[in-house]
Amino acid sequence: MDILLRLKWGVVQSSHIVFATNGYTEKLNKKLTRSIMPMGSYIIATESLGKEITERLIPNNRMISDTKNFLYYFRRTPDERILFGGRVSFNSKEDESLYQSLRENLLEVFPELSDKKIEYKWGGKVAFPMDFFPHVGTIKKTIHYALGYCGHGASTSTLFGEYVAQNIINPNREKSKLEELPLRTIPLHSQKNLLLNLAGNYYSLLDKVK
């Protein structure tokens, strides 16, 4: 049975729908919307620093992240910048103060960069399910989803894309253990802004007392 999607520029007809929307799933499907919590994640990149500086700051060109709840992650870029990211806020609303906070976080780790410019900045929403595991599956046989990567979607989303394609071609195939994880609705999801503020204050306090 074909599905009709009415969009502002026309109608799309398809036998399957795939929701691969992760942190941007709100108002698309009630079950999926209520099963993930979108959170903001932000990145800044310094001016080009030269290989001598970046090699001293991050030897062997490693990718680094810490273990805080409001974690930092950072690496060198091919043009010898320091790319620095983090979850400055659990809220997904973006504003300039978040990037200023991220620069302050960068200087906590690398105080010698205080006179270096930030030339690029960007952000977006990541998605967290209730169990903090990514989820892939099917609703009503023809609606497929892959989401909830918790900020680690670069490799997992590629794998899930393969699972979704296989499910469309052969819905009776043997499923992997990842596909058997139940996607649960988050309690009090309609109050997500309040919950995120409470969670943000709680985890911020935990980071300070570690």
Side-chain angles (χ1 to χ4, degrees), residues 20-24 36-136 146-162 178 181 196-210:
T21 43
N22 203 45
Y24 297 86
I36 60 103
M37 195 71 79
M39 299 183 193
S41 192
Y42 306 93
I43 295 175
I44 55 176
T46 67
E47 62 183 287
S48 184
L49 303 172
K51 188 171 183 178
E52 180 182 348
I53 293 177
T54 56
E55 177 64 28
R56 175 167 51 82
L57 296 178
I58 306 179
N60 302 314
N61 203 14
R62 299 186 185 279
M63 165 66 201
I64 303 170
S65 66
D66 61 27
T67 58
K68 300 192 311 301
N69 295 290
F70 282 89
L71 60 82
Y72 306 154
Y73 50 92
F74 45 95
R75 64 175 176 85
R76 292 160 54 182
T77 66
D79 57 350
E80 304 301 343
R81 305 171 189 271
I82 298 294
L83 185 150
F84 190 95
R87 286 192 248 301
V88 187
S89 168
F90 279 10
N91 202 305
S92 58
K93 185 177 180 180
E94 181 177 350
D95 64 57
E96 188 60 32
S97 67
L98 296 174
Y99 294 107
Q100 181 57 38
S101 295
L102 200 55
R103 185 177 187 277
E104 292 169 5
N105 298 156
L106 167 70
L107 297 182
E108 277 182 42
V109 182
F110 301 117
E112 55 267 74
L113 298 181
S114 60
D115 62 340
K116 304 302 182 183
K117 292 186 295 185
I118 301 300
E119 292 195 341
Y120 298 99
K121 56 189 176 183
W122 65 95
K125 298 177 184 178
V126 295
F128 285 76
M130 190 171 176
D131 57 7
F132 283 36
F133 271 94
H135 286 264
V136 59
L147 41 70
Y149 301 111
C150 305
H152 300 281
S155 57
T156 313
S157 59
T158 302
L159 173 65
F160 281 8
E162 182 177 335
L178 279 174
L181 291 174
L196 288 174
N197 285 333
L198 290 172
N201 291 330
Y202 172 71
Y203 285 116
S204 179
L205 178 62
L206 287 185
D207 286 340
K208 290 176 181 177
V209 299
K210 271 188 176 180

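Heavy-atom basis, side chains included; hydrogens, waters and symmetry copies ignored.
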message: Is it the case that atom CD in Glu52 sees more than 12 heavy atoms from other parts of the structure closer than 6.0 Å?
response: no
field: Test ring-ring contact (aromatic ring centres under 6.0 Å, His included) applied to Phe110 and Phe84, Tyr72, Phe74, the passing residue
entry: Phe74
query: Just by modelled atom types, is the Arg62 backbone N or O under 3.5 Å from a matching donor or acceptor in the Asn60 side chain?
result: no
message: Could you work out, with side chain to side chain contact (heavy atoms under 4.5 Å, CB included) as the rule, every residue matching Ala127, not counting sequence neighbours?
response: Asn22, Ile36
- prompt: Can you name the residues that form a side chain to side chain donor-acceptor pair (under 3.5 Å) with Ser48, not counting sequence neighbours?
  reply: none
- prompt: Using the ring of each side chain (for Trp, its six-membered ring), is Tyr99 parallel, tilted or perpendicular to Tyr42, with breaks at 30° and 60°?
  reply: perpendicular
query: Does Tyr24 reach the main-chain N or O of Lys125 with its side chain, forming a donor-acceptor pair under 3.5 Å?
result: yes
Any residue meeting side chain to side chain donor-acceptor pair (under 3.5 Å) with Tyr73, in chain and number order, not counting sequence neighbours: Ser41
message: Are the side chains of Cys150 and Pro129 in contact, using a 4.5 Å heavy-atom criterion?
response: yes
- line: Arg76 meets the side chain to side chain contact (heavy atoms under 4.5 Å, CB included) criterion, sequence neighbours left out, with Lys51, Thr54, Glu55, Ile58, Asn61, Glu80, Ile82
- line: Across all chains, not counting sequence neighbours, the side chain to side chain contact (heavy atoms under 4.5 Å, CB included) partners of Ile53 are Leu49, Arg56, Leu57
- prompt: Can you pull the side chain to side chain donor-acceptor pair (under 3.5 Å) pairs that have at least one residue in residues 109-121, sequence neighbours excluded?
  reply: Arg81-Glu119, Glu96-Lys121
